[in-house]
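The structure under discussion appears below in the form of structure tokens.
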Amino acid sequence: MKAVYYEKYGSLSVLKHGEINDPKEVLDNEVLIKVNSFSLNPLDYKLRNGMLKLITFRTFPRTTGSDFSGEVITIGGSVKNFKIGDKVFGFLSQLTSGTSSEFIKVNQSILSKIPSNIDISESASVPLAALTSYQALAQLAKITKGNKVLINGASGGTGIFAVQISKLFDADVTSITSHRNIEWMRNTFLVDNAVDYTHENFLDNLKKNEFDVIYDCYGNLSFNKIKDLLKPNGKFITTDPFKIESIVGRIVSLFSKRKFLSVVVNSNGNDLNIIKKWIEEKKIKIFIDKIFNFSQTHDAYKYIETQRAKGKIIVRVDV
Ligand SMILES: NC(=O)c1ccc[n+]([C@@H]2O[C@H](COP(=O)([O-])OP(=O)(O)OC[C@H]3O[C@@H](n4cnc5c(N)ncnc54)[C@H](OP(=O)(O)O)[C@@H]3O)[C@@H](O)[C@H]2O)c1
């Protein structure tokens, strides 16, 4: 089958187009999917760079990409909720391999049918980023109506879902983005306050003891520096649990009522069903920055690695 893959860790140049073996036969609880599209996440280039090689080992060739959408073409004996022909979406943990190939084999438990009101290709933009922000805000922080939520990196893949999920819970949202995205935050997402991180000392204008939740989707805030903006029982959540500041933050929070939390997204079909329903109810919208063809996968990764994406980036495999 055709695939984009790499045979050693490294920069963008290690990504190759070519043929790799088809997936082996499906197990009882698995389905075989003909991939329509995959979407990009920073995890893809972090893995490809070898940042997590202690857990991904040296198993090559590896395809890239976590998110996927596609059509079910074979089902295992105990698969009950999906049938051949269903259009599905989800994300793979990429511990062994990714989704940048014609066919993938996945466990039924991570799947959901695509939302009925969006295109199959657009659906690929949803799972990993939406589940991260859902699990961070709804499950870890347990946000409720009227909570004040500060979101850093609000214009990125995870951020756009974070803002919308917070609004869906009737939270009061302050976004942090560069000046490029301030008006987009105000006009499209109706944030209550939009902060520009390119201003020197941009946090100084925010009040102390103000926020119930600070969600750092970009991953560059330090708990130690920002904790005074939290209410006394407030929660700080980062998407980067492994950096030094996070380890320090975790220790500092042991001596504080203000809590340090980190999210590690869990691929879960039940949670994805909730997101699917919100999309169908038009409570959450999809924001696609760019769509690339399979042959342009390098360009797609070059773009996401600028860290300037405004929403999600999709690669169409099935063209
Ligand atoms: N732990 C987990 O399970 C998990 C899950 C998902 C993601 N993550 C991590 O979360 C991070 C963000 O992921 P993503 O998918 O949202 O990335 P992304 O889509 O690539 O983020 C791009 C956005 O980052 C913003 N940005 C760039 N520099 C910034 C800065 N200094 N301060 C604030 N925002 C800045 C950009 O906005 P401007 O153009 O306005 O600067 C752009 O809109 C990545 O490190 C990713 O690996 C972790």
Side-chain angles (χ1 to χ4, degrees), residues 38-49 51-52 55 64-67 91-95 110 124-137 139-141 150-165 174-186 188-189 191 194-203 206 214-222 225-226 236-243 245-246 249-250 260-268 271-272 275 286-290 300-314:
F38 67 99
S39 86
L40 275 49
N41 291 283
L43 176 67
D44 307 349
Y45 58 80
K46 291 180 182 177
L47 284 169
R48 193 200 64 223
N49 287 336
M51 276 174 67
L52 300 173
I55 47 175
T64 185
S66 300
D67 285 315
F91 88 85
L92 279 182
S93 72
Q94 264 197 83
L95 280 183
I110 68 157
S125 70
V126 175
L128 190 146
L131 286 175
T132 304
S133 291
Y134 170 71
Q135 290 167 2
L137 293 166
Q139 298 182 345
L140 277 174
L150 175 66
I151 298 170
N152 183 41
S155 52
T158 50
I160 48 168
F161 288 109
V163 172
Q164 296 185 84
I165 290 168
T174 299
S175 59
I176 304 179
T177 65
S178 70
H179 53 86
R180 289 178 289 275
N181 293 314
I182 292 283
E183 288 312 309
W184 191 48
M185 284 292 127
R186 289 206 177 107
T188 304
F189 297 95
V191 296
V195 173
D196 176 356
Y197 71 76
T198 62
H199 284 179
E200 211 181 328
N201 304 324
F202 64 95
L203 294 173
L206 295 170
I214 298 177
Y215 177 40
D216 182 12
C217 332
Y218 186 68
N220 65 343
L221 296 180
S222 145
K225 289 195 188 132
I226 206 162
F236 172 87
I237 306 178
T238 180
T239 56
D240 190 346
F242 304 115
K243 62 178 182 179
E245 286 92 333
S246 294
R250 212 177 288 276
F260 175 97
L261 302 165
S262 56
V263 61
V264 177
V265 63
N266 169 27
S267 187
N268 176 328
D271 288 355
L272 195 52
I275 307 284
I286 307 305
F287 291 89
I288 311 290
D289 185 332
K290 287 188 197 295
Y301 276 106
K302 199 169 173 185
Y303 183 56
I304 193 175
E305 290 181 41
T306 63
Q307 302 192 338
R308 286 282 86 80
K310 196 170 156 177
K312 294 294 300 178
I313 301 160
I314 293 174

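We count ligands from 1, going down the list as the structure has it; atoms in each ligand are counted the same way. These values consider heavy atoms only, across backbone and side chains, with no hydrogens, waters or symmetry-generated copies.
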Heavy-atom check, side chain of [X] versus side chain of [Y], under 4.5 Å:
X	Y	answer
Tyr303	Asp289	yes
Ile160	Phe189	yes
Asp240	Tyr218	no
Thr132	Tyr215	yes
Leu221	Thr238	no

Does Gly219 reach ligand 1, in the sense of a heavy atom lying below 4.0 Å from it?
no
Is [X] close to ligand 1, meaning an N/O of one under 3.5 Å from an N/O of the other?
X	result
Val265	yes
Tyr197	yes
Ile176	no
Ile304	no
Tyr45	no
Ser178	yes

If you round to the nearest 0.5 Å, how far is [atom2] of [Y] from [atom1] of [X]?
X	Y	atom1	atom2	answer
Asn181	Ser175	CG	OG	9.0 Å
Asp216	Ile176	CG	CD1	8.0 Å
Leu43	Leu128	CG	CG	6.5 Å
Tyr45	Thr64	OH	OG1	11.5 Å
Ile237	Gln135	CD1	CD	11.0 Å
Asp67	Gln94	CG	CD	9.5 Å

Identity and distance of the protein heavy atom lying nearest [atom]:
atom	result
atom 39 (O) of ligand 1	Arg308 NE, 2.9 Å
atom 14 (P) of ligand 1	Thr158 OG1, 3.7 Å
atom 48 (C) of ligand 1	Thr239 O, 3.3 Å
atom 5 (C) of ligand 1	Thr132 OG1, 3.2 Å
atom 21 (O) of ligand 1	Gly156 CA, 3.7 Å
atom 18 (P) of ligand 1	Gly157 N, 4.0 Å
atom 36 (C) of ligand 1	Gln307 O, 3.4 Å

[X]: numbered ligand 1 atoms lying under 4.0 Å from its heavy atoms:
X	value
Arg180	38 (P), 39 (O), 41 (O)
Cys217	10 (O), 11 (C), 12 (C)
Leu128	5 (C), 6 (C)
Asn181	37 (O), 38 (P), 39 (O), 40 (O)

Is a donor from one side chain sitting under 3.5 angstrom from an acceptor on the other, for Arg250 and Ser262?
yes
Test item: side-chain donor near acceptor, Gln139 and Asp271, under 3.5 Å
yes
Only heavy atoms count here, so choose which of [options] is nearest to [atom].
atom	options	answer
atom 22 (C) of ligand 1	Gly311, Ala309, Gly153	Ala309
atom 35 (C) of ligand 1	Phe242, Tyr303, Tyr218	Tyr218
atom 2 (C) of ligand 1	Leu43, Asp240, Val263	Val263
atom 15 (O) of ligand 1	Ser175, Ser155, Pro42	Pro42

Hey, is [X] touching ligand 1 through its side chain, its backbone, both or neither, going by heavy atoms under 4.0 Å?
X	value
Ala129	neither
Lys46	side chain
Asn220	side chain

Sequence neighbours excluded, which residues qualify as side chain to side chain contact (heavy atoms under 4.5 Å, CB included) partners of Thr188?
Trp184, Phe287
Side chain of Asp196, backbone of Thr198: donor and acceptor closer than 3.5 Å?
yes
